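Input: a single structure, listed below in structure tokens.
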Amino acid sequence: MRHTLDIGRNAFSKGLPAHGVELADDLERLVQLHGAETIAAVIVEPMSGSAGVVLPPKGYLEKLRATADKYGILLIFDEVITGFGRLGTPFAVDYFGVLPDLVTTAKGLTNGAVPMGAVFASWKVYDGLMVGPENAIELFHGYTYSGHPVACAAGLATLEIYEEEGLLTRAAELAVYWQDALHSLAGLPAVVDIRNLGLVGAIELAPRDGAPGTRAYDIFVDCFNKGLLIRVTGDIIALSPPLIIEKDQIDTLVSTLADALKRAA
Ligand SMILES: Cc1ncc(COP(=O)(O)O)c(C=O)c1O
């Protein structure tokens, strides 16, 4: 499907784009094209982090939920990035108030220190799988390293720290400061959009003629040499600082980035 809709990119918008909810109509179109019986599930990042921090238009997730319900399709949220406090709520499910049938998680589960993932299932899915005999294994699935003791220890320790230090909601306290700091970069060379949500941000750059990605890469190397690790996706700089970041560290991050943006002009 092709879209020419502007959903808030190149608009320096703060918060969720007000328009673009029509993007969710693609699910309805796919149902009409292929038949609902051929679609088991629709999986989305509730906030598309890996594609360069693309925020969902207002009402988009609600519309996906309604269409999935209408046709008996499961809705899955990939919360590998948004899970565990990134948006200022424990999960994006809490932030958006939309309840999927399954949630996938990983990174924040162990603070990224030890490999581990987890899937949360609704009772509907759970009950649907609990139809075997009494002696059948609950929610039967298995991997060589399922429930690995080291990963479980890291996961439990991380959850304890989240609770003790209030980290699952700390991003909400910093969100406005973070937003203002990031948007102070508007007007610097090649910056065409700035997006933010919770403690996530993106600075989208105009690509250099005939050399897409090189501007952001140069900035990545420059920042790295100055002690700041950023992530780039094409010409989009994506930022996802630690949940323990302090305001003065946000200032350092943004001023280091501002200097690098000026040098890469
Ligand atoms: C949004 C998102 N989903 C899924 C994954 C893959 O997670 P894993 O490597 O833990 O399977 C990543 C990895 O970066 C991700 O960013």
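Quick caveat: nothing in here was measured; it's all calculated off a predicted structure. Counting convention: from 1, in listed order, for ligands and their atoms alike.
- Below 3.5 Å of separation, one finds an N or O of Lys107 facing an N or O of ligand 1.
- Near Ala106, with a cut-off below 4.0 Å to any heavy atom, the atoms of ligand 1 are 10 (O).
- Taking a cutoff of 4.0 Å between a charged side-chain nitrogen and a carboxylate oxygen, Asp25 and Lys63 qualify as a salt bridge.
- Counting only heavy atoms, the protein never gets under 4.0 Å from atom 8 (P) of ligand 1.
- Nearest protein neighbour of atom 6 (C) of ligand 1, counting heavy atoms only, is Val80 CG1, 4.5 Å.
- Side chain to side chain, Thr252 and Gln249 fail the donor-acceptor criterion of an N or O pair below 3.5 Å.
- Looking only at distances, a side-chain donor or acceptor of Arg65 sits under 3.5 Å from a matching main-chain atom of Leu99.
- Looking at Glu45 next to ligand 1, no N or O pair under 3.5 Å apart turns up.
- Across Leu109, Thr104, Ile81, heavy-atom proximity to atom 16 (O) of ligand 1 is greatest for Ile81.
- Of the protein's heavy atoms, at least one falls inside 4.0 Å of atom 14 (O) of ligand 1.
- Within the 4.0 angstrom cut-off, atom 4 (C) of ligand 1 has one or more protein heavy-atom neighbours.
- Expressed to the nearest 0.5 Å, how far OH of Tyr95 lies from CG of Leu16 amounts to 5.5 Å.
- There is no protein heavy atom less than 4.0 angstrom from atom 11 (O) of ligand 1.
- With hydrogens and angles left out, the side-chain atoms of Glu138 and Tyr126 include a donor and acceptor closer than 3.5 Å.
- Glu22 and Tyr60 share no donor-acceptor pair across their side chains, judged by distance under 3.5 Å alone.
- Relative ring orientation between Phe120 and Phe84 is described as perpendicular, the plane-to-plane angle rising above 60° on a 0-90° scale split at 30° and 60°.
- Scanning all protein heavy atoms for the shortest distance to atom 2 (C) of ligand 1 gives Asp78 OD2, 3.5 Å.
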